[in-house]
A.B. asks: 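Got a structure for you, questions after.
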Amino acid sequence: MITGFGSTAPKITAPNSTEGQPDPWVLTNTDATAYAEYIYTPLPEGLPNFIRVLGLLPGPKGSPIEIEIYDTPLHGRLALKYEALSYEWGISLCPKPKLDGPYVFDATEDVVEKGKQVQLMREVYRSAERVLFWIQGDQVEGGGRRDAFNLIPRLARAWEEQDAGRDLDFSGPLKTKVEWDDKLFDERETKQFDRLRSLFSRPYFGRIWIVQEVVLAQSERARVVCGDLECAWGAFYQAFCFLLHSRLRFVGRGHGKTVCKDYMPLLAVAAVKKDYEADHASWRTTSGARNLHIIMRNFLGHQVTDPRDRIYGMLGLVESKRIPALLPDYPKTVQETYRYATEWSLRDSDSLAVITLCDSVWFKEMKDMPSWAPDLTIGLLKCRLGRHTRLLDLFRPLFIPPTIKGATLTTRALVFDIVTSFQNPFTPANMGWIMLQQFHNYCLDKYPYPCSEGNTSRLEALWRTLLTNRVDAVEVASPSYSAHFNNMMSTGFLKSLGLPLRLTGREPSLLTTASEPEHRNLLVLFPTDIQNDISILALISKNPLLQFLYSCLSSGDGRLFDEQVQCHNTLTEGDRGRQFFTTLKGYFGFGPPSPFAQGKMVDGKRPMLKGVGVRTYNVVAVLAGCESILILRAEAGIKGVYRIVGNAYVYGLCEGMRFNEGRLPDMEMVTII
């Protein structure tokens, strides 16, 4: 906490000063002796709301920095007024003095006191006169940084004029876009674009501790500071909203155009701050509490120095209404912290919702963790699935609190189905081929998909599975996407065969077309017809598959389906991809993100890492009180004992279509290790 005393710094006796200590303690950044005068002593016992504040003393530019340190209560007539400084840990705010000895003046070195101070963070930032978000000033050179800051009030005004209650979101194609005034910003000026993007993608927003500091600060008292420039948080937020709903949210051009991922840390922080201040229902559990798992889910990709702070750095945002609060306990190991926080969240939420963070459990770095306890050190979940609350609502009445003994968790579950086939993980390179293979399998299929009462074909179930039945990340996909999918797949299929998309009657012979190496699939599918060298038109007239493919070219727009797949990042992201699988009962789904191993192709497939991902005989399960379908792997030789493989999407199950609310199937008790 930085105080703004200026030239009228009050001469207040430090509450726990003792004989022989200066009053107040004065430290400079050039005088090692002055540092030695301050000897750390614990904050007053029995007074839990005491904090330390640091006062900056006035001085001419370039002179040594001098500070005063006070112990002060947060509230009451003796409380000092202060400003809270929120900055990225590890950056240098001023030159560090060279000291000959281990002079400790940072209270955070005392892990017991650190735990107590962490509990006060909510009040510290809520009670500050001002909160300064220091986003560091040297990442954009002086004039460029000033140009970007000058744009903020103009973009903020433009947002205010056009805002119609839009959500802060860019998870999919925008349904509404702001009207762009070229006077606001010259898109052709690359440097201006880079400066603005740099401003909203500072590493500051990617730190865990920053989250609660930004969220808890009262917006009207918050300022964003960048070097010698600053602006109100409200204007900064509105300018960011404008940018997200404009063309500048993208990088690249044409088919390679994607949403700029550099904005994601600030987007997560700003969206949560908006919901927190509005007390949005999405923050709360059924008990009305702000639960830990809801907060952790949003910030798994943010950075920490101490892995335990993935829990403790969020506690200022957590409210429990069922059980005593979760308290920081730094003497605990990382594993103990995560285990205890998981158990606390299970009790507090009265659900198994925290288990949804156990995605890709085979990547756990802490191997001695049970599969039901999330390892938060693995970072942001990739290929994230949307929430399907219908499933949770259906089985909530059957939930009973789990029993935890050591590393085992016993709970109520419906072991619904068994995996019978699976594909390699989706990658950017193979995604199109895997989709084509499945399209080929089901494009002429006449069998109905299970749980659809005969109304849904397996081809429709396939494309709904690939989209998780959602468009723009939130809306149920309309039937029109069937034509878009068929158009995209038919176009890709015909190109892979080397057949023309437009028939003119002047096509080359079938033998000539099949002679091209890249058209070998044509030879695989129609060897006899190629040997007889019949015409392409004759081949189409006798083949139902080709007739279907050409009929799909006249309707739908494949680009619309492709846009949805690309924007979702559900199938593949980074070095991970989900695996398409089918089940014994005929369901389609894809399992948790899995890596794809390097090595030679074997039978057209790249080998997978041993023991990772979905495998045959894994089970598809619904756990009462859990928000997701889970893939479980049975423990060899022990009936009813499983390990979690990860989250899955199964079309029909996630939407609850398979189940009748009045006649839910019986569940059994299972043990997860």
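For reference, positions follow the sequence shown, starting with 1.
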A.B. asks: F200: which residues meet the ring-ring contact (aromatic ring centres under 6.0 Å, His included) condition with it, sequence neighbours left out?
C.D. replies: F236, F240

A.B. asks: Can you list the residues that meet the salt bridge (Lys or Arg N to Asp or Glu O under 4.0 Å) rule with E230, with sequence neighbours excluded?
C.D. replies: R130, R223

A.B. asks: According to side chain to side chain contact (heavy atoms under 4.5 Å, CB included), who are the partners of S201, at least two apart in sequence or on a separate chain?
C.D. replies: R197, D262

A.B. asks: Quick check: do D228 and R146 have side-chain heavy atoms less than 4.5 Å from each other?
C.D. replies: yes

A.B. asks: My understanding is that only residues two or more places apart in sequence, or in another chain, count here; which of them pass side chain to side chain contact (heavy atoms under 4.5 Å, CB included) with E343?
C.D. replies: R339, R347, W372, I404

A.B. asks: Applying ring-ring contact (aromatic ring centres under 6.0 Å, His included), name anything that partners F399, two or more places apart in sequence or on another chain.
C.D. replies: none

A.B. asks: Name the orientation class of the two ring planes belonging to Y204 and F133 (parallel below 30°, tilted from 30 to 60°, perpendicular beyond 60°).
C.D. replies: tilted

A.B. asks: If we ignore angles and hydrogens, is there a donor and acceptor under 3.5 Å between the side chains of R396 and S351?
C.D. replies: no

A.B. asks: Kindly write out the residues that satisfy side-chain hydrogen bond (donor to acceptor under 3.5 Å, both in side chains) with E336, not counting sequence neighbours, or none if the list is empty.
C.D. replies: T333

A.B. asks: Can you name the residues that form a salt bridge (Lys or Arg N to Asp or Glu O under 4.0 Å) with E573, not counting sequence neighbours?
C.D. replies: none

A.B. asks: Just jot down the side chain to side chain contact (heavy atoms under 4.5 Å, CB included) partners of I400, sequence neighbours excluded, or say none.
C.D. replies: R412, M669

A.B. asks: If we ignore hydrogens and angles and just use 3.5 Å, is the side chain of H302 paired with the main-chain N or O of F205 as donor and acceptor?
C.D. replies: yes

A.B. asks: Treating K81 as the side-chain partner and E129 as the backbone partner, does any N or O pair qualify as donor plus acceptor under 3.5 Å?
C.D. replies: no

A.B. asks: Taking only residues two or more places apart in sequence or in another chain, which ones pass salt bridge (Lys or Arg N to Asp or Glu O under 4.0 Å) with K332?
C.D. replies: D329

A.B. asks: Among residues at least two apart in sequence or on other chains, which ones pass side-chain hydrogen bond (donor to acceptor under 3.5 Å, both in side chains) with S628?
C.D. replies: none

A.B. asks: Test of understanding: with salt bridge (Lys or Arg N to Asp or Glu O under 4.0 Å), list the residues that count as partners of R384, not counting sequence neighbours.
C.D. replies: none

A.B. asks: In chain order, what residues pass the side chain to side chain contact (heavy atoms under 4.5 Å, CB included) check against P307, with sequence neighbours excluded?
C.D. replies: V334, Y338, T377

